[in-house]
Amino acid sequence: MALQIYNTLTRTKEPFTTIEPGKVRMYVCGPTVYAQAHIGHAMSAMVFDIVRRYLEYSGYEVRYVMNYTDVDDKIINKANELGEDPFALAQQYIDEYNQDLKNLNILPATLNPRATEEMDFIINMIAKLVKGDHAYVADGDVYYRVEADEDYGKLSGRTLEGMNAGSRIQVDERKEHPMDFALWKSAKPGEPAWESPWSKGRPGWHIECSAMNCHHLGEQIDIHGGGNDLIFPHHENEIAQTESITGKAFSRFWMHNGMLMLKGEKMAKSLGNIISIREFLKQHPADVFRLLVLSGSYRAPLIYGEDVLNQAEQVLKRLTGVKKPALTGAKGLSEAQYQLLMEAAEKAKIDFVEVMDNDFNTAGALAVLFELVKSLNQARSDGATQEQLQPALNRFSELTGVLGLTLEESSSSAEGGQADAFIDLLVNLRQTLRTEKNWALADKIRNDLLNLGVAIEDSKEGSRWSWN
RNA sequence: GGCGACGUGGCCAAGUGGAAAGGCAAGGGUCUGCAAAACCCUCAUCAUGGGUUCAAAUCCCAUCGUCGCCUCCA
C-alpha cells in the first residue's frame, strides 16, 4: 500500500499522487510576524517538517515553500506602539522564528518568500481578478466577489446562505456581499504602502499566499498545508482567488494540523495562553516537543500540559537509552539470537513504512520503534557485542532520523562538559568506596549527584554516569 | 444559529467491518550490597441508546459531551 493522505477537500484519505512524478510541490502557511512565535506555531511547523522528511525518505524531491506575512495591521500597530519601523520589526521576528525552527531541528524550507517582496506578483494577480470580473474596486479598495464563484465554500463545507445566518460579519456598505473579502486595502497616512492601479495601499492576507504559490510553485501544487484554523476563510479564499484565474484545481491535497490545546483551549495570542518556543526550549530539549507532536495524530488537537510533558520526558529517556553501549565483557549472542535481532530490525523498517504510509501515523511509528527498542535492549542484556548491536542500532537511528528526532545524550549545556572530569573523579572515588563496602558514603555520593542531575548506574563491570 | 472535527484503560494514544498497538503511571518478579537501568508478568470490550451485518470501537440514526471555525489566528 502506497502513501495515503487525508485530504480536507474531500474529507477522505486518498492515494498520494503528484503532478510531476517524483516531485512534490508543497506550500505551508507560515506565521504573521508580529510577536514571538509560540509552541502552537511550532506544532504546525513540526507537523509539516515530519511530512516533508517522510516524503523525502519515500524518494520524493520536495520543493517546500513556507511564507512569511510581513505586512499586516497587527505588525503596523505593534510597530507604532513601540515607535519602531514596521519592516525592521518584522525582520526581527523573522530572524527569531528562523532561529526557533532551527533549535527545534526543523529543516529549513526550500524557500521563504515574504509578502513585501512579492508586490508585483500580488498586484498582477489582483489585476487579473478585476479584469475577469471576479473582483471589483470600491474607494481604492479591491474586493473579491464571492457570488461570482460557483463553488465558493467547497473546502470548508459552507454556503453563502449558511454563513449569513447568525454570522458576526460587520456590514460594510461598499461591499456587494458581506462575505466579499479585501484583496487590496488603501493605506492610511503614515502606513506602509505600495503603488497600485487602485490606490496606494497594501494587499489583503489571502491574495499574498495565492500569489506566492503561483510565483514559486506554479498554478497547481501537490500539497497545501496549515493549521485547521486557516481552513476558513484563508484557504477557502486562496482557492477562490487562484482557481478564478487559472480555471484549474489549485492544490491536489489540503492538509491541516490540529490545534495545540492548553487547559481545554486553543493556544493563541488573542487568548493570552501562550508559551513561546523560547520558554519551552529553556525547560525541555527539542526532542520532547517533537515527541509530543509525534505521539498523536497531526490532525487531532494536541493536549498540552504537565502530564503529557512528563510522559514525553520519560519516552525520550527510553528512546535515548537504547543507544547505551554493549555490556562490558559481553560474550556475544548466539547465531540464532543474532538472527532474531536482525529480523526485528528489518521488520521495524517495513512496519514503519506501512504505518507512516497511512496518513503519517506517527503514533504508530513510535510503537514500531518501541518494539525495536525492546529487541535491542533484550539483545544487550543477553550479552550482545557492540558489533552485533550496531546494524539494528543503525536502523533505529535511520528511522528516528526520519521523524526528526536527534536523541542526543543530554548534557548540561551550562557547564559545557567542563564538569565531566570532576564527575569522573567522584564516580571513581565512589568505586573505591564500594570495593571497600563503604555503602553509606557510596550511596551518599550517588544521591547527591542525582540531586545535581547526574545519574549513576552500577553494574558488575563498573559504573557509568549520565546527565539526567 | 450554521459548518467541521472528535469522544478508546488512571494519563497520552494507534486502530475505521473479523480475536482492543504502543508509551507513561501502577502492582508483582529477575538482576543488584541497596538502588537505577534493563528484562519477564499483570492491568480496557472502545460516551450512551437504537439499527444494519454471520461479524462493529470501526457503517447508519438519535442523544449527551468536548473542541475548532464562522473576526485576526499555525
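Here the structure is a predicted model, which is why all the values come from computation and not from measurement. Lettering follows sequence order; numbering is per chain, from 1.
Ring geometry, A/H206 versus A/H234: the interplanar angle falls from 30° to 60°, so the pair is classed tilted. A/H256 and A/H235 have tilted rings, their planes meeting at an angle from 30° to 60° on a 0 to 90° scale.
Rounded to an integer number of Å, the gap from NE2 of A/H235 to P of B/C72 is 14 Å. One atom, CG of A/L302, and another, P of B/G68, lie 14 Å apart when rounded to the nearest Å. In this entry the distance linking CZ of A/F181 with P of B/U71 reads 13 Å, nearest Å. A/I456 places its CD1 atom 16 Å from the P atom of B/G33, with the value rounded to the nearest Å. Taking atom NZ on A/K437 and atom P on B/U32, their separation rounds to 13 Å, with Å as the unit. The CD atom of A/E457 sits 17 Å away from the P atom of B/C34 (whole-angstrom rounding). When the P atom of B/U16 is taken as reference, atom CZ of A/R299 falls 11 Å away, rounded to whole Å.
A 4.5 Å side-chain heavy-atom check between A/Q36 and A/K269 finds every atom pair outside the cut-off.
Remark: B/A5 base-pairs with B/U66. Criterion, Watson-Crick or G-U wobble with two distances under 3.5 Å.
Geometrically, A/R174 does not engage A/Y143 in a cation-pi contact defined by less than 6.0 Å to the ring centre and at most 45° from the axis. A cation-pi arrangement is found for A/R158 relative to A/F232, the charged atom lying closer than 6.0 Å to the ring centre and inside a 45° cone about the ring normal.
Of the candidate nucleotides B/A35, B/A74, B/C24, B/A35 has the atom nearest to the side chain of A/D458. With distances taken from any side-chain atom of A/V308 to the nucleotides B/G23, B/A74, B/C12, the minimum falls on B/C12. Of all nucleotides listed (B/A74, B/C69, B/A37), B/C69 comes nearest to the side chain of A/K266.
In summary, of the residues considered (A/D287, A/T320, A/T400, A/N105), a side-chain hydrogen bond (donor to acceptor under 3.5 Å, both in side chains) with A/T406 occurs for A/D287 alone.
No hydrogens or angles were tested; on distance alone, a donor-acceptor pair under 3.5 Å links the side chain of A/D443 to the base of B/G33. Taking 3.5 Å as the limit, the base of B/A35 and the side chain of A/R446 contain a donor-acceptor pair of atoms between them.
Note on A/A455: nothing from the nucleic acid sits closer than 4.0 angstrom, heavy atoms only. Heavy atoms of A/D307 sit under 4.0 angstrom from primed sugar atoms or phosphate atoms, though from no base atom. Within the 4.0 angstrom heavy-atom criterion, only backbone atoms of the sugar-phosphate kind lie near A/S297; the bases stay farther away. Nucleic acid contact class of A/L292 (heavy atoms, under 4.0 Å, all strands): none. Nucleic acid contact for A/G40: base, since at least one base atom lies under 4.0 Å from a heavy atom of the residue. Nucleic acid contact class of A/M261 (heavy atoms, under 4.0 Å, all strands): sugar-phosphate only. Residue A/L450 is classed as having no contact, given no heavy-atom separation below 4.0 Å to the nucleic acid. Residue A/N361 is classed as a sugar-phosphate contact, given heavy-atom separations below 4.0 Å to backbone atoms only. Contact annotation for A/T8: no contact, since no heavy-atom pair falls under 4.0 Å across all strands. A/G153 comes within 4.0 angstrom of nothing in the nucleic acid, heavy atoms only. Residue-level contact check: A/R434 touches the bases, meaning some heavy atom is under 4.0 Å from a base atom. Using a 4.0 Å heavy-atom criterion, one finds that A/Q378 contacts the sugar-phosphate atoms exclusively. Within 4.0 Å of A/I231, counting heavy atoms only, lies no atom of the nucleic acid at all. Looking at heavy-atom distances under 4.0 Å, A/K317 makes no contact with the nucleic acid at all.
Here A/F370 does not pack flat against the base of B/G23, since the 5.5 angstrom centre distance and 30 degree tilt limits are not both met.
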